[in-house]
Undergrad: 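Can you read through this structure? Questions will come right after.
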2 protein chains.
Amino acid sequence: MAVVRQSPNMSAIAAALGVSAATVSNALSGKGRVSPELADKVRIKAAELGYVPSLTARALRTGRSGVLGLVLPDIANPLFPQIAQAIENAAAAVGYGVLIADSRGDIATQTEAINRLLERGVDGMVVVPRRATRIADIGCPVAVIDTPSTPGNTIAADHWQGGELIGRHLVQLGHRRVLLIGTHRDSNVQNDRIGGVKAGLGPGVDCDTLWIEKVEGEGGEGCLLGLADRVAAGFTGFAAVSDLSALRALTELQRAGIGVPERVSVTGFDNLIWSPVVTPALTTVRMDLATIADLAVAALMRAIEAEADADGAGSGRVSSAPDRVAMQLIIRQSSGPPGPGAAPYPAPGPYPLHAKIPTHPTAGEPQA
Amino acid sequence: MAVVRQSPNMSAIAAALGVSAATVSNALSGKGRVSPELADKVRIKAAELGYVPSLTARALRTGRSGVLGLVLPDIANPLFPQIAQAIENAAAAVGYGVLIADSRGDIATQTEAINRLLERGVDGMVVVPRRATRIADIGCPVAVIDTPSTPGNTIAADHWQGGELIGRHLVQLGHRRVLLIGTHRDSNVQNDRIGGVKAGLGPGVDCDTLWIEKVEGEGGEGCLLGLADRVAAGFTGFAAVSDLSALRALTELQRAGIGVPERVSVTGFDNLIWSPVVTPALTTVRMDLATIADLAVAALMRAIEAEADADGAGSGRVSSAPDRVAMQLIIRQSSGPPGPGAAPYPAPGPYPLHAKIPTHPTAGEPQA
DNA sequence: TCTACCTGATTAATCGTTTAAGCAGAAAAA
DNA sequence: TTTTTCTGCTTAAACGATTAATCAGGTAGA
């Protein structure tokens, strides 16, 4: 029986055409001097034989693996799929593969993950650092995705501006007492978002910040946040800095019989998968991850290119001036004018805000 | 200034010790014949110079890249982080890297993604196929993670058994009219789960199945599911085959003023990130992804090994007998005995079921 | 003492590609 | 005609590891 051939190499093509392997290489890469006719013949023969170049051999020779590393702080973060997808997309578009590394747990694990990627010879890496950590200079180009206020950062969504969008939205709706909900006090991203919301709300609005880590430190994980008390105290806006916290707030308020959005409003961040399908659908702010990923990968490509040219030198962080990408407000049903403290629910019947609800993740009416 | 040395190679070690590169290789790999003393000296020198083997060169020579591919049907699926994490973990434990590929979109994209991975020379791949697709024989070992009822499958959670856990749980609580909620009619996983739930409920329970795709086909994306009507019709159990659908059901019911779990119960599947933190926390069923990933990777390792031994031959799917891994029931607050149709909410005050709530993802009391 | 065998190393080929250098012949410049 | 330049290809040396084959020298058995 016909043995399945190994995938043919350049020598096979060369032999079939009676030329040298170098000529085949030149013909396919378009680099050396090859007559157009021969180049055509080579290409045709390559296709005919089903030639697939060995990226391994190429990597060995050129010193470039064609692979980027993606280091994630906590792979359980629900934002991760979007980031991974965006990076994988952007990388694939320029012919790169993406090797993932989970740095879940402590900083030591993050360093170890980075080293694993380095050993595998990645040409560059995208790092979404753990909260409050900085990425040291390592032996290859690194694009850090964090928040613009983090020193040494390269590419980021403009979390502060996103916060402003939320703040302005709430104040325009008429909210004058807003509770900000964050999870981790030491997160630069969350602090930027909170700062932005406050700035957007302006001086006339009374704000307080609830850190879930603190509440849970006292009440145990998954405990109630005491939002009903806050409503009683006059809070009508609940601006969480993550859709996960927003969801927690929303369900807790609903559970307590407090109408959203008739009485109070809830907003989130990141447009996570569930935000369009919960009832009421969450008003939130989304990052333009496609753009961020494109910028990150493009910056890496430049750095890799530069490293190849001026050999030995530039192996630092890419793109000294941080790129900040604007966020977009997605207004759905969970936000509205603050209502009276009376009946938690409107008259029974169909959901009053029932309407064409935007779908995840591109829809909604993004507002700059 | 001291130029930063390139990372040294075997020849550097060999030269430093006055031996040949082959000896260094043998000493480090423990394969050839090297005197123990020399081997020690080599190891010490290697550490001293900070030697890092070139996986690329090794891959070229041995034909093994040390990389596995991970193909995902839809990277936006919230289950993905858990899968990716589990696979990355299991792979790292055996010294393998993981290259991701997103086959979002159609089957053509899935095929293309697989080809990209093949070109990159992965030694094997883990595929989570799109709904209702089968993975053709490709040129390397493949571990498919799907559901045991899919033909040609290799490793899977026992979705049917997971469904039975939910079904038995609901019937024991006293539910006699249960609505099953699925999203895609053609999903083998969902059909297995639904079958399991029905089996667990037994013959005495009245069941109906609501397919969200159909509802949305009529009402638009994100529309209401009409669950309030179902409650009016006497349904007290709402068993979604995904936590995302469960969340949708939960918020819709809460929004309609229907108490969960006092009046009706809601259960989900997969123990996704939000299930422990919503109020009430979701009763759900989790897959043992760590075990599944370990099995998948182990099967791939065996296949890769076998392929290396009996050269040319076995490049098919691994492990003919499908491994099915038991799922675990996690009882939280969203399920309870069915209540009277009266007051949607109990007396105000602290959440009656407030208790130490298990945290994500390992906690809860898994019940076989 | 002579052959056989074992030990501990070396040599050299190999994986598949890239690329600098070289070379023969033709075309252009002198 | 001679020199120079260009064209189109080949040669050969990498890249860094693995590994089969070989070899020198010591030891043991006959």
Side-chain angles (χ1 to χ4, degrees), chain A residues 5-43 45-46 49-67 95 118-121 123 308-309 311-312, chain B residues 5-43 45-46 49-67 95 118-121 123 308-309 311-312:
Chain A
R5 255 189 311 286
Q6 304 283 21
S7 81
N9 55 18
M10 285 195 160
S11 314
I13 301 176
L17 291 171
V19 299
S20 75
T23 300
V24 174
S25 174
N26 285 329
L28 292 177
S29 68
K31 281 197 171 175
R33 292 181 303 209
V34 184
S35 68
E37 310 85 59
L38 181 54
D40 272 342
K41 278 167 60 182
V42 170
R43 273 189 291 270
K45 195 53 135 183
L49 297 177
Y51 167 71
V52 177
S54 158
L55 298 185
T56 305
R58 181 178 295 166
L60 178 58
R61 175 63 227 238
T62 64
R64 307 246 298 256
S65 61
V67 173
L118 282 178
E119 286 179 20
R120 294 216 174 279
D123 294 340
D309 292 352
D311 194 59
Chain B
R5 255 188 311 287
Q6 304 284 20
S7 81
N9 55 17
M10 284 196 157
S11 314
I13 301 177
L17 292 171
V19 299
S20 76
T23 300
V24 174
S25 174
N26 285 329
L28 293 178
S29 69
K31 282 197 169 173
R33 294 185 299 212
V34 185
S35 68
E37 310 85 57
L38 182 52
D40 271 342
K41 277 167 61 182
V42 168
R43 273 188 291 270
K45 195 51 131 184
L49 296 177
Y51 169 71
V52 178
S54 158
L55 297 186
T56 306
R58 182 178 294 164
L60 177 59
R61 176 62 227 243
T62 63
R64 308 247 298 258
S65 61
V67 173
L118 282 179
E119 288 181 16
R120 291 226 125 72
D123 294 339
D309 293 350
D311 195 56

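By convention in this document, chain letters (A, B, ...) are assigned in the order of the sequence lines, proteins followed by strands, and residues within each chain are numbered from 1.
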Undergrad: Could you run down nucleotides 17-24 of chain C 5' to 3' and tag each one B, S or - for protein heavy-atom contact under 4.0 Å?
TA: BBB--B--
Undergrad: With distance as the sole test, does A/N26 use its side chain to make a donor-acceptor pair with the main-chain N or O of A/K31 at under 3.5 Å?
TA: no
Undergrad: Measuring only between side-chain heavy atoms, which start at C-beta, is A/Y51 closer than 4.5 Å to A/M10?
TA: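 When only atoms from C-beta onward are counted, A/M10 and A/Y51 do touch, with a gap below 4.5 Å.
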Undergrad: Please give, in whole Å, the distance from D/dT18 C1' to A/L60 CG?
TA: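 The distance from CG of A/L60 to C1' of D/dT18 comes to 12 Å, rounded to the nearest Å.
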Undergrad: Roughly how far, to the nearest 0.5 Å, is OG of A/S54 from CG of A/N9?
TA: 9.0 Å
Undergrad: Grab the CG-P distance between B/L38 and C/dT7 for me, whole Å please.
TA: 16 Å
Undergrad: Measuring from B/S25:OG to B/R58:CZ, what's the distance to the nearest 0.5 Å?
TA: 8.0 Å
Undergrad: Check the distance between D/dA17's P and A/E119's CD and give it to me in whole angstrom.
TA: 12 Å
Undergrad: C/dG16 phosphate, OP1 or OP2: any side-chain N/O from A/T56 under 4.0 angstrom?
TA: no
Undergrad: What nucleic acid atoms does B/S35 come within less than 4.0 Å of, heavy atoms only: base, sugar-phosphate, or nothing?
TA: sugar-phosphate
Undergrad: Between B/V67 and B/R120, is the side chain to side chain contact (heavy atoms under 4.5 Å, CB included) condition met? List the steps.
TA: CA-CA 9 Å; B/V67 173; B/R120 291 226 125 72; over 6 Å; no
Undergrad: Would you give the length of the straight line joining atom CG of A/L17 to atom OG1 of A/T23, rounded to the nearest 0.5 angstrom?
TA: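 OG1 of A/T23 is found 10.0 Å from CG of A/L17.
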